[in-house]
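Here the structure comes first, spelled out in structure tokens, and everything after it is commentary.
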Amino acid sequence: MGRTVPYQPSLLRLLHGITAILVPLAWLSGLVVLANHDRRWFRLPLAVPGEWIDIHGTFGALLWPVALLFVLYAISIGRGRLRQPANAAALIGLLLAVSSGKLMQEDWLRTGQLDHLAYHLHLLAWMLITGAVVWHLGSVLRRGGIRFAASMAQLHVRENDGPRHWGAQLLKRH
Ligand code: HEM
Ligand code: HEM
């Protein structure tokens with residue numbers, strides 16, 4: 001591999017990496033919450049014991065500040081990459097899932113309140129982010145294969161791209 005793996009800026013890898021770990025965790029824990037508390041749509045055979053609303057709320061609470069920073073990064077320094085429609089879709093999906101999640105109250109589902117607008121928006125956002133991330137991954141793999149995908153998970157940081165350089169990178173308009 002070595003030299004042919006494209007270099008991704010460390011700030012992007014940090015924000016994107018944390019997001020790409022927490023979104024699947026929120027997705028899965030959300031699925032369990034759905035299976036445990038809302039049986040209107042489809043009957044999932046997996047009622048998993050545990051405080052899954054709290055678990056999901058914890059992933060969500062960790063995700064939203066990082067997602068906010070990532071969105072700010074993507075629309076400023078990373079704006080050029082948003083010309084790829086699948087990148088923009090992933091970003092919009094993330095924004096919708098996180099902002100509708102912030103509108104949720106944790107005891108709605110416990111008390112059987114399944115008709116709040118925010119909840120419907122959150123479920124819609126969940127479906128949208130699913131489609132958007134599948135598209136995003138497909139687009140990344142189609143454009144650059146596994147090497148391009150793996151470039152986001154590289155740990156190597158160039159000398160002129162450490163945390164000390166993030167400020168200057170943010171100030172420089174791209
Ligand atoms: C799980 C949720 C994910 C979200 C919400 C997401 C979102 C995004 C966004 C918004 C960008 C554009 C960043 C910018 O404008 O600077 C991006 C770029 C990228 N992502 Fe993801 N991503 C996710 C998962 C992944 C995964 C799992 C991989 C593969 C390991 C990946 C690989 C990449 C690559 C290679 C780019 C650069 C694309 C380019 O230069 O056009 N992403 N991602
Ligand atoms: C990728 C998918 C999802 C993401 C990114 C996501 C994200 C979030 C976020 C950021 C919060 C706010 C946490 C906070 O700061 O308090 C939240 C709350 C919540 N979400 Fe999700 N969510 C997703 C899917 C789902 C699904 C499928 C359900 C199923 C019903 C669900 C149910 C809830 C509930 C009940 C809350 C309130 C929990 C609390 O405040 O403690 N989420 N979500």
Side-chain angles (χ1 to χ4, degrees), residues 5-9 11-41 44 51-111 113-114 116 118-154 169 174:
V5 178
Y7 184 81
Q8 305 291 356
L11 181 56
L12 172 62
R13 274 182 285 156
L14 183 71
L15 297 173
H16 181 280
I18 298 174
T19 303
I21 289 168
L22 288 174
V23 166
L25 292 174
W27 192 96
L28 274 175
S29 57
L31 182 67
V32 180
V33 171
L34 193 74
N36 284 354
H37 294 276
D38 186 351
R39 314 207 130 226
R40 289 174 303 178
W41 311 97
L44 293 168
E51 294 299 320
W52 285 93
I53 294 183
D54 290 344
I55 295 171
H56 178 76
T58 305
F59 290 140
L62 292 171
L63 173 63
W64 79 258
V66 181
L68 189 68
L69 293 176
F70 183 34
V71 170
L72 291 174
Y73 177 97
I75 60 177
S76 55
I77 304 187
R79 210 165 64 204
R81 296 177 196 247
L82 297 179
R83 272 186 232 116
Q84 280 294 331
N87 287 354
L91 192 68
I92 292 167
L94 178 67
L95 198 59
L96 289 177
V98 167
S99 50
S100 59
K102 287 306 288 176
L103 298 174
M104 291 287 293
Q105 311 241 318
E106 61 168 306
D107 36 278
W108 281 348
L109 300 196
R110 285 198 191 102
T111 54
Q113 301 179 51
L114 303 177
H116 288 280
Y119 178 48
H120 288 136
L121 286 176
H122 199 46
L123 286 183
L124 185 67
W126 179 58
M127 291 177 219
L128 290 175
I129 195 174
T130 308
V133 168
V134 169
W135 184 20
H136 173 58
L137 285 177
S139 148
V140 165
L141 289 173
R142 202 182 55 247
R143 282 186 287 142
I146 295 284
R147 264 157 209 241
F148 188 35
S151 68
M152 264 307 172
Q154 284 260 309
Q169 292 171 8
H174 281 245

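The residues of the chain are indexed from 1 along the displayed sequence. Keep in mind that this is a model prediction, so the values were computed, not measured. Counting starts at 1 for both ligands and their atoms, following the listed order. Side chains are part of it too, since the values below use all heavy atoms of this structure and drop only hydrogens, waters and symmetry mates.
Counting atoms of ligand 1 from 1 in the listed order, those under 4.0 Å from a heavy atom of L82 are 15 (O). Atoms of ligand 2 found under 4.0 Å from any heavy atom of W64, numbered from 1 in the order shown, are 15 (O). Of all atoms in ligand 2, numbered sequentially from 1 with element shown, those under 4.0 Å from a heavy atom of L63 are 5 (C). The ligand atoms of ligand 1 that sit less than 4.0 angstrom from a heavy atom of A74 are 14 (C), 15 (O).
The distance cut-off of 2.8 Å around atom 21 (Fe) of ligand 1 captures these protein N, O or S atoms, sorted by chain and number: H16 NE2, H136 NE2.
What sits closest to atom 16 (O) of ligand 1 on the protein, heavy atoms only, is G78 CA, 3.3 Å. Scanning the protein heavy atoms around atom 41 (O) of ligand 2, the nearest turns out to be E106 CB, 3.3 Å. Among protein heavy atoms, the minimum distance from atom 30 (C) of ligand 1 is reached at A149 O, 3.3 Å. Of all protein heavy atoms, the one closest to atom 1 (C) of ligand 2 is I129 CG2, 3.7 Å. For atom 37 (C) of ligand 1, the closest non-hydrogen atom on the protein side is R81 NH1, 3.4 Å. Here the heavy atom of the protein found nearest to atom 15 (O) of ligand 2 is K102 NZ, 3.0 Å.
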Discussion item. Please evaluate residues R143 and Q84 with respect to the criterion side chain to side chain contact (heavy atoms under 4.5 Å, CB included), reporting the C-alpha separation (whole Å), side-chain torsions for both, the decisive distance (0.1 Å), and the verdict.
Written reply: CA-CA 11 Å; R143 282 186 287 142; Q84 280 294 331; 3.4 Å; yes
Fill in: Pair V66-L62, side chain to side chain contact (heavy atoms under 4.5 Å, CB included): steps then yes or no
CA-CA 7 Å; V66 181; L62 292 171; over 6 Å; no
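A cation-pi geometry, defined here as NZ or CZ lying under 6.0 Å from the six-membered ring centre and within 45° of its normal, does not hold between R142 and F148.
For the pair L109/D38, no side-chain contact is recorded, criterion being any heavy-atom separation below 4.5 Å from C-beta on. Using a 4.5 Å heavy-atom cutoff, the side chains of W135 and P85 are in contact. Side-chain contact between Q8 and Q154 is absent, with no heavy atoms from C-beta onward closer than 4.5 Å. At a threshold of 4.5 Å between non-hydrogen side-chain atoms, the residues L82 and I75 count as touching.
Contacts with ligand 2 closer than 4.0 Å are made by no heavy atom of F59, backbone or side chain. Residue contacts with ligand 1, taken as heavy atom pairs separated by less than 4.0 Å, involve Y73 solely via side-chain atoms from C-beta onward.
Looking only at protein N/O/S atoms, the ones less than 2.8 Å from atom 21 (Fe) of ligand 2 make 2 in total.
By the 3.5 Å distance cut-off applied to N or O atoms, Q105 is not counted among the residues near ligand 2. Polar contact with ligand 1: present for R143 (N/O pair, distance under 3.5 Å).
Selection from F148, W27, F70 by nearest heavy atom to atom 35 (C) of ligand 1 gives F148.
Classification of the F70-H16 ring pair by plane angle, with boundaries at 30° and 60°, yields perpendicular.
Looking only at distances, a side-chain donor or acceptor of T58 sits under 3.5 Å from a matching main-chain atom of D54.
Assignment of L109 to the shell around ligand 2 is supported, since a heavy atom sits closer than 4.0 Å.
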